[in-house]
Every structure is written in structure tokens, then in C-alpha cells.
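All chains are named by letter (A, B, ...) in the order of the sequence lines, taking the proteins before the strands, and each is independently numbered beginning at 1. Owing to the predicted nature of the structure, the values given are computational and were not obtained by experimental measurement.
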Amino acid sequence: MIAIVVNPSMPITNLSDAQIKAIFTGKAKNWKAFGGPDKQIVVVIRDQASGTREIFDKKALGATDTKVVESAGSAIQCSSNGVMREIVGSTSNAIGYISFGYVNKNIKAISFNDVAPTVKNAATGLYPIARYLHLFTKGEAKGAVKGYIDFMLSDKFQNDIVAREYVKIKDVNIK
Amino acid sequence: MSANDNKMDINNLSMFYGDFKAIEDISLDIPAQRITALIGPSGCGKSTLVRCLNRMNDLINGVRVEGEVILDGENMYAPGYDTIALRRRVGMVFQRPNPFPKSIYENVAYGPKLGGIKKKGELDAIVEDSLKKAALWSEVKQNLQESGQRLSGGQQQRLCIARVIAVEPEVILFDEPCSAIDPVATQLIEDLMAELKRNYTMVIVTHNMQQAARVSDYTAFLLVQEQGEPGRLIEYGETNTIFTNPEDERTERYITGRFG
Amino acid sequence: MSEGPGISPAATMRAMVTGDRDRWVKLLMFCCASVSFLGVLLIFLFIFRESLPAITKVGIPKLFLSTDWRPASGHYGMLAFTFGTLFTTVAAMIIAAPLGIGAAVFIDQVAPEKVGRGVRRVIELLAGIPSVVIGWFALTLLVPFIRSVTGSSGFGMLAASLVLVVMSLPTITTLSAESLRAVPVELKEASAAMGATRWQSIYKILMPSAREGLIIAVVLGMGRAIGETMAVQMVIGNASQATASLLQPGSTLTTRIVQDMGEASGVFRSALFAQALMLLLLSVFLIISIRLISRERKHA
């Protein structure tokens, strides 16, 4: 799942899909319109090659395979979650999006359409900016590949590793 | 020769490049409005000596001077002496013609401009006057804006003389001024020096003894006796005497071409 | 490739034995020169060929003269990046040229020989630092500094220009010092003998005498700045807008290429090659201007 993040000093806790779209396409330029300070909005996005950007553009901005939504020309492009966190965490008037596992105290994840970005909300499908991470095999998995998949689906791996940054597969409950 | 007629008095002058002593204990008077020639074999320190007379050696790292050079009653090596002002009073013409990569006009106007003269009319007059005194005016008056470096070697040297004259010095030092130019141009420069003698005190370094005999009133002979020793003054006197009846045997051997 | 065409070892031996070595050395040199020449030519042709689809499909005006860069919806205007390249380069030169020439004057004219040599070594060392290191340094120190002083994001044209100052400074300084050293010592002496102070000599004689060399130093520094990629990409913000504001994020041609080449295909990819073509044209332009300056110097 992807969290929309702002600087902790930004007194904003929720933005609607229309507001997000206005901000990320460059139509809205000042925080004042959203109840924030009278400051320019610094939009931070990921580069073209980023999967995070692809999902964000689709699920938050409403892009489809045939209809693209162009990000603001003034948006800062960064090429990793780490840099994203660094920029948003240190720029008081920045907004960006980040893979949920990277959220820490330096940045503030905000709600989207009044839904908080939590594992529970993502698992139930309430929080929409999320995706499945797939494993692909050539034909039916067998041998070591099968073992690897079994390991990833095991409770130990799901509890110890996945739960730290992602949503466990058995928690996913999207109607 | 009374002291009053001397423009410069060189007293017990020695000069060192680091640890190496280039000239030692030279005492010599430079009479006003006369031409004094410094002669001697290559490496005898005559160029070094002449460069002590406007403190050009200050530009070289590690140079140290002992003794004094009195100009109009003041020691130019005294602490706090203004070398910038000194060099405007004691001009220099170098071995190789070295006009600036600027127009003929700007070459001559360089010194006056440094001196703070800005008015075009004033500068024009100085440029014309200096070029006339350097016997170059008639050759260049049509193309004052051309680069000074496009002139012939002899013309370049006269341009350098004009450049020096433009700051109205009292003394002009010539460091082998004709060694890089042809005989006809040399003749012109020598005539020019004779002309300038009325207004300026001049010192010329030359390794051409005929030239020294032709142009100078006084001649000083310098010599390094043994390899590695400093250059010393061997004999100094009126040019006529030095060339016809030298006191020192070494002077005689030199001017008759038997060594050096 | 290991053997030249038709040159057998026996023939080579015979040539050596008969003292015909010159011809073989000449041939070898000719081969080396040909390889370099052909390499350059091939790069040129390749880039041109790869950018052809964009040139034909998008058209020259919309490709080269438009600032509209939205590749996902088929807009491939590169002008914003060409402008970014020129803007950051010129901004960098405004600082680097006086700084570099000033340092050169210091090294060659003012400082005691040992100090001058030391400063020179340090500046040459700067040229050897990989650009990614300088970029990282700028990312961790310069960008936060700009951010805290200006309240902007810190990323943008200013950070990029300052990085380019660092990148081009060694070129400008060493070449300027070289051309100052080439000024005949007689000119310096003549100026001093006219009663000029050291500064007057430097300003009125030395620098004008070295003028062409100093200009060439700056132009080569520009070449360095135009081509710089990694360090700039890390701090410029990589926005697709055209901006002349120092605090706004933007892109240069090089950073746009490296930012987008990973996922680009089809016309998008070709449009990036067209940007490479633009870069080549800028370099060619610089090289021609150096030729012209050198020719002027020879005629002077």
C-alpha cells in the first residue's frame, strides 16, 4: 500500500481524491485552499519507471491504461522511497507518496477520503491506494520454486517479514 | 666630476640571488645627462647591475641587495622607498622589444594613464610628442590603432622608447637594446640616444664594444674573474680613456678582443 | 581485430629487418586515428538514426521548440530541458569564471611558488572526484542548506548550478593558469618598469594578453557543465517544467535522459535520443567557437 505523506508540521490530516488530484496535477498551488498555511505546495513524485508511481497514478489520480493523468510539471521527481522520505521530511510545505513500510516519524501519513492508511483498511479494501504484489512462475511451480513460495506463504515469513512493511496475504479481505 | 653633476651614486652595491652573489661591492657614479655604458663579457653582472638601478630585481624571488643607490640624494634601497614612483622616474628599455599586445596608441598612453591622465586631448598630445621624440611618429601616425606587435623589430624598440618617454622619466636604462634588431635599426636607435641625451640621463648595457664607443660618454667595465665568483667593477672612466688608454690590463685585453 | 588486414607477422618482421619500420608505425597510427574518427562518426550516426522516429513523428517544432513534456500523453517537447541545460551552465559560469580565473591569477601571479603549487594540486584533485560523490555531498549538505535558508525544497536550479561550479572549476582554473603562464615575462617586466603596481599589471596587461586563453578555459568549463549528469540529477529536482527561477526544480537534457531512459520505448525513447542529439549540437557549437577564438589568436 502507498501512503500519502506530508511534513509533520503541516496541519492537514485528510485530503479527498479530488483534492489530491488537483494537487498532484498542478492545478492547486497553495496550501491555503486546503486549510493549510499560505505557502506554495511542493509536490514530490516518483520517476516514470517507478511501480509506486504507477499504482498511485491509477488508484489515487484515476489513470487507466488508456487514459493518462499527467503530474504537475513543477513536481520534483525522485527515484526512491528513501529520497522521497528525505525530501518530504525536511520540506515543510511538501507532499508526496511513499510505500507504507517507509513511513516513520519524519513524515506524516494522511487519510485519503477520510480513510486512514492502515493495514486493516488496506486489507479490507477500504483504503484504495494499494496493490497485490505477485509472484510469477513459468508453468506449475515445483521443486525449489515451490519450496520458496511455500516459505513465503508460511506463518513465520508472513508474521516476521511481511507484516513489517506489507499486508499479510491472509488478512486481505477485499470484497 | 663633482658630486652635484651625478644623477645617481652607486655605493658598495652587492646583489645576491639566494646564496649566490651576482655582483660585489660596486661603486659607480652616473653623471646627469650623459650616457654611461656598462660593458663586459656575458655573465659579468652588467644586466644585473642595471636592473638594480630601478629595483626591477625586486620582482625576482630570493633577491637581496646590500649597499646603496642614491638617486638625487635619496637611497632607493632605504626602507619604505616608493618603488612605483621610482620606476616612473627611472624608465627601462629591454633587450627584446616588448610592446604590449595593444595598439600603438595604447602602448604609449599606458604609462600616462597609470599616472592618472584621462583626458583624450592630453593623452593625444603626449602620444604624438613621445612618438616624435622616439623618431617613430612619421612612420606610424597613419595607423596609431594598429597593434604595436605588428611593427618591425626596430620600430617596436623605438615604440618601447616612446612608451618610456611618455611618463617623462629622468633616467632611462637600456638593457642591450639593440641585440635583437638589425644594424640599420641599431643605427636609428643610437642616433636617437644621442638626441635624447640633452634631456635624459642614460645607462646602456651592451656587449657590443663599438656601440659603447660610439654612443657613450662614460664606460664601466665589469668582469667575473673566476667561474662562480661575483662580477666586479674593474675600471670606470671617460669612454675615450677606457678605449684608448685603459689603466687595467684586463680592460685592455677585453676591448682589444682577446677574451670574453 | 588482432591483426591488421593483410599484415602477416612475417611481413611485419621483414619490414622491421629491412628498416622499414616507419611505414608500419605510420600505418598503426593511421589505424588508431581511424578507429577514433569512426567511433565518433558512428555515435553521431547512431544517435541521429535513433532520434529519427521522434523527429518525423513529432516534428521538429514540437520536439525541439516546445516546453510541453508529457510523454505519457504524447508530448515530447524538450525546450524546457535545453533551457535548463543552458540556464544552469550560464549561471554556473557567472560564478565559476571569475572564481576560476581569480584562482588562476592567485596560483600563477600572487601566491608564493609553494603555496600556488599546493592550491593547484588541490584544485586538480577536485577534478578527479567522481561526480556521484560530489552529487551525494551536495544532496546531503547543499540541498538542506538551501532549503533552510530559502524555505524552498532545496532541490532546483540553484543547487544544480552550484554543483556545476564545483565541476567546472578545475578545468577553468588549470587552463587559465596555463594561459597566464604563457604570457611572456617581458610584458610583465615592461609593465612593472612603467611604474605599474602588481594589480595594474595583472589587470591591464596580463589578463588582456591571455584573453583568448581565458575565454577558451571558460568555454571548456562550459563543455564540462553541459555534459554533467549524475551530480546534477541528484539535486536539480527533475521536474519537467521550464523555469528560470533558481529555487524551482527543473531538468537538464542529461538528467532527463538518465531519469527516463529506464522505462522509455518507442517514440518516447526516440525523443530522448533527440535530446542526446541536441546535446551533441551544443558541444559542436562550443568546439566551433573555440576554433574561432584560437584562429583569432593566431592572427593577432
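In the displayed structure, C:F106 atom CZ is contacted under 6.0 Å by more than 12 heavy atoms of other residues, nucleotides or ligands. Around the OH atom of B:Y17, the shell of radius 6.0 Å holds more than 12 heavy atoms that belong to other residues, nucleotides or ligands. The environment of C:R181 atom CZ is dense: over 12 non-hydrogen atoms of other residues, nucleotides or ligands sit within 6.0 angstrom. Counting heavy atoms of neighbouring residues, nucleotides and ligands inside a 6.0 Å radius, atom OH of B:Y81 exceeds 12 of them. The number of heavy atoms from other shown groups lying within 6.0 Å of CH2 (B:W137) is above 12. Crowding of B:F20 atom CZ: a count of heavy atoms from other residues, nucleotides or ligands under 6.0 Å exceeding 12. In the displayed structure, B:F16 atom CZ is contacted under 6.0 Å by more than 12 heavy atoms of other residues, nucleotides or ligands.
Closest heavy-atom contact between C:A196 and B:L114: CB-CD1, 3.5 Å. Closest non-hydrogen pair, C:Q200 versus B:Y110, comes out as O-OH, 4.0 Å. Residues B:I84 and C:G195 approach most closely at CG2-O, 3.0 Å, considering heavy atoms.
Of the listed residues (C:A190, C:P184, C:S209, C:P112), the greatest number of heavy-atom pairs within a distance under 4.5 Å of chain B belongs to C:A190. Top candidate by heavy-atom pairs under 4.5 Å with chain C, chosen from B:M92, B:R88, B:Q95, B:M56, is B:M56. When C:R211, C:R198, C:E189 are compared by the number of non-hydrogen pairs under 4.5 Å with chain B, C:E189 comes out ahead.
Residue B:P169: no heavy atom, backbone or side chain, is found under 4.5 Å from chain C. In this structure, chain C has heavy atoms under 4.5 Å from both the backbone and the side chain of B:R163. The contact between B:F94 and chain C is made entirely by side chain atoms (from C-beta outward), counting heavy-atom distances below 4.5 Å. Proximity to chain C (any heavy atom under 4.5 Å) is restricted, for B:L59, to the side chain, taken from C-beta onward.
B:E106 has no carboxylate O lying under 4.0 Å from a charged side-chain N of C:K204, or vice versa, which leaves the two without a salt bridge.
For the atom pair B:F100 CZ and C:K188 NZ, the distance stands at 13.0 Å (nearest 0.5 Å).
With B:N98 contributing its side chain and C:L187 its backbone, the two residues share no donor-acceptor pair below 3.5 Å. No donor-acceptor pair under 3.5 Å is formed between the side chain of B:K102 and the backbone N or O of C:P208.
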